[in-house]
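Here's the structure we're looking at; comments come further down.
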Amino acid sequence: MKKEFNVTPWEVSGDVDYDKLVREFGLEKISDRLLERMQKHTKELHFMLRRNVFFAGRDLKWLLDEYEKGNKFFLYTGCGPSGPLHLGHLSVWVFTKWLQDKFGTELWFQFTDDEKFLLNKNKSFEEIKKWTYENMLDVIAIGFNPKKTNFLVDTKHAGLMYKEACKVAKKITFSMVKSSFGLNESSNIGLIFYTSVQAVPAFLSSIIHKKKIPCLIPHAVDQDPHFRLTRDILPKLGYYKPASIQSIFLPPLTGNQGKMSSSKSNVAVLTTDSPKEVENKIKKYAFSGGQKTTKEHREKGGNPDVDVSFQYLKMFFEPDDKKLERIYEDYKSGKMLTGELKEILIEKINNFLKEHQRRREKAKKQIDKFLYKST
Ligand code: TRP
C-alpha cells in the first residue's frame, strides 16, 4: 500500500496522520494526567499544551519524577539556518521560552549550519553563515534569558563538539539511519554522519558540569528520528536518554499538505514580512473553510476545522479559550464570514510581528551574549 504521507527530518509531505505517526514512531501521547502534573509546577498550562499543539513526547513522566526529586533538567532545541524563518519555526520556540521561564532552566540552542550545507546542493557556507546570523536575531527576539541560554553553531563550536559526535557516530551503522532519514546509497556521507552532531547538545551540558543532567527537547515531530537514535546511544556513553515534547506542524497557508516552508513564499508568513505582505498573503492564500458565496455561507456556515486562519488562531495567535470558542461558533454558524475571520488573524499576526521585528533589531547587539564560550 502506498503511504499517503511521509515524515522524516528532511522531508515532510502529504496529509500527516498524527495518530499513525504516534504508532509508527512509538511516541507517548500527552495525557490529561501528565498535564495535571505539569500544571502543579507551572501554575497555568500553556494553550499549546491545552490544545494539543504539543501532543506527544518521550519520557516526560520520568523527567517530572526527576524534577520532583530535585534533579533539574535543561532544555535543548535548535534551528537549521538555510533561509528566512516563518511562523512555524517560531511557535516551537515561543513554547520553549515558556518552559524556560516556568522551570527556570538552562537552554542549549543549536544552529546546524553543517546540516544545511550538506543538505542543500546549491548552498555555500557563505550563504548559510548569513542565514545563521539572520536566524539568531529571530531566536533572540523570542525573549530567551541570555544568562541561561547558550547558542552552539556546529562549525564554530566544532572543537567542542566533534569528539563527542564521533563517540555517538561510532555506535551508529548506516543501516540504522537509512530508512528513518530517507537516505540511500547515493546520499552524501556527510548527511549519514550528521545525526551524531545533532545528538551532542543532548549531553554536552552533562559533560561540562561533570554529572548526568536530564535533558528535555521541545521540537516538531519530524525531528524525532534523530532523537530516537540519540536515546538508544546515550545510555551506552553513560548519559540519560533525552526526554522530548513534540508538536504538530503549523499548516502551510494553502492548508493541504505537510508543513510551512520558507522556500515557498506563498505558503508561509515570514518573520520579516511587512503588515501589507501579511495582509496580502492571508487574503490571497490562506485556505478557507467558508462557502462560495456570502448567501450560502450565512445559510450553511463555514468549517473552522479545515480553515487555515482558524487553525493559526488556535495554534498560535489566540491564547484566550473563550474568544477562540466564540470565533469557532460564529464561523461555524455562518455569523462570521471568511473575510472577517481573516481580518482577525491579520491583525493578530501584525501585532505579534511588530513587536518581534522591534526586538529583532535590538538583537543585533546581543548575539555575543548568547554564543557559548567555554571557559
Ligand atoms: N535539524 C533541525 C532543523 O533542521 C535543527 C535542530 C538541531 C533541532 N537540533 C535540534 C530542532 C533540536 C529541534 C531540536 O531545523
Side-chain angles (χ1 to χ4, degrees), residues 7-12 25 27 53-54 56-58 73-97 99-100 105-120 123 128 131-132 134-136 138-139 142 144 149-158 160-161 164-165 168 177 180-183 190-205 215-231 234 241-250 258-263 268 271 372:
V7 176
T8 77
W10 296 313
E11 194 204 332
V12 177
F25 283 5
L27 304 173
V53 175
F54 280 81
R58 294 182 184 275
F73 58 90
F74 68 90
L75 292 162
Y76 158 39
T77 195
C79 163
S82 61
L85 296 179
H86 56 64
L87 299 176
H89 297 108
L90 296 196
S91 75
V92 175
W93 304 335
V94 165
F95 180 69
T96 304
K97 172 182 152 51
L99 288 173
Q100 180 177 57
T105 43
E106 187 182 81
L107 164 67
W108 289 83
F109 201 109
Q110 181 181 34
F111 292 87
T112 57
D113 55 348
D114 54 346
E115 174 190 20
K116 296 300 155 174
F117 173 75
L118 292 165
L119 187 65
N120 295 288
K123 291 216 159 100
I128 284 170
W131 291 120
T132 304
E134 291 292 327
N135 294 178
M136 279 179 176
D138 283 305
V139 174
I142 299 289
F144 294 113
T149 305
N150 299 306
F151 284 1
L152 291 169
V153 182
D154 288 346
T155 61
K156 192 178 168 71
H157 292 90
L160 184 68
M161 295 170 70
E164 307 310 326
V168 177
V177 289
S180 45
F181 291 84
L183 299 170
L191 274 184
I192 299 170
F193 175 80
Y194 169 73
T195 191
S196 47
V197 178
Q198 191 157 323
V200 174
F203 63 106
L204 194 60
S205 186
C215 169
L216 172 62
I217 314 176
H219 65 81
V221 66
D222 60 336
Q223 297 296 309
D224 185 69
H226 285 297
F227 301 123
R228 223 149 58 208
L229 267 179
T230 306
R231 284 168 54 82
L234 292 208
K241 292 181 178 195
S244 65
I245 187 159
Q246 312 194 12
S247 75
I248 60 175
F249 307 112
L250 196 66
K259 62 172 181 175
M260 249 197 187
S261 154
S262 323
S263 46
T271 64
Y372 178 70

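Start at 1 and go down the list; that is how both ligands and their atoms are numbered. What you see is a predicted model; the values in this text were computed from it and never measured. Values reported hereafter were calculated over all heavy atoms of this structure, with side chains retained and with hydrogens, waters and symmetry mates removed.
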Kindly print each ligand 1 N/O atom paired with any protein N/O atom under 3.5 angstrom away, one pair per line, or none if nothing qualifies.
unit_1: ligand 1; atom_1: 1 (N); unit_2: E115; atom_2: OE1; d: 2.9
unit_1: ligand 1; atom_1: 1 (N); unit_2: E115; atom_2: OE2; d: 3.3
unit_1: ligand 1; atom_1: 1 (N); unit_2: Q198; atom_2: OE1; d: 2.9
unit_1: ligand 1; atom_1: 1 (N); unit_2: Q223; atom_2: OE1; d: 3.0
unit_1: ligand 1; atom_1: 4 (O); unit_2: E115; atom_2: OE1; d: 3.4
unit_1: ligand 1; atom_1: 4 (O); unit_2: K116; atom_2: NZ; d: 3.1
unit_1: ligand 1; atom_1: 9 (N); unit_2: Y76; atom_2: OH; d: 2.9
unit_1: ligand 1; atom_1: 9 (N); unit_2: Q110; atom_2: OE1; d: 3.0
unit_1: ligand 1; atom_1: 15 (O); unit_2: G80; atom_2: N; d: 3.2

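Comment: R58 engages D224 in a salt bridge, judged by a side-chain N to carboxylate O separation of less than 4.0 angstrom.
Between the side chain of K116 and the main chain of I128, no donor-acceptor pair closer than 3.5 Å is present.
For the side-chain hydrogen bond (donor to acceptor under 3.5 Å, both in side chains) criterion with Y76, the lone passing option out of Q110, Q198, E106, H219 is Q110.
The side-chain heavy atoms of W93 and L85, taken from C-beta on, include a pair separated by under 4.5 Å.
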What's the verdict on side chain to side chain contact (heavy atoms under 4.5 Å, CB included) for V197 and T112, showing C-alpha distance, side-chain angles and the deciding distance?
CA-CA 9 Å; V197 178; T112 57; 6.0 Å; no
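Relative ring orientation between H226 and W10 is described as perpendicular, the plane-to-plane angle rising above 60° on a 0-90° scale split at 30° and 60°.
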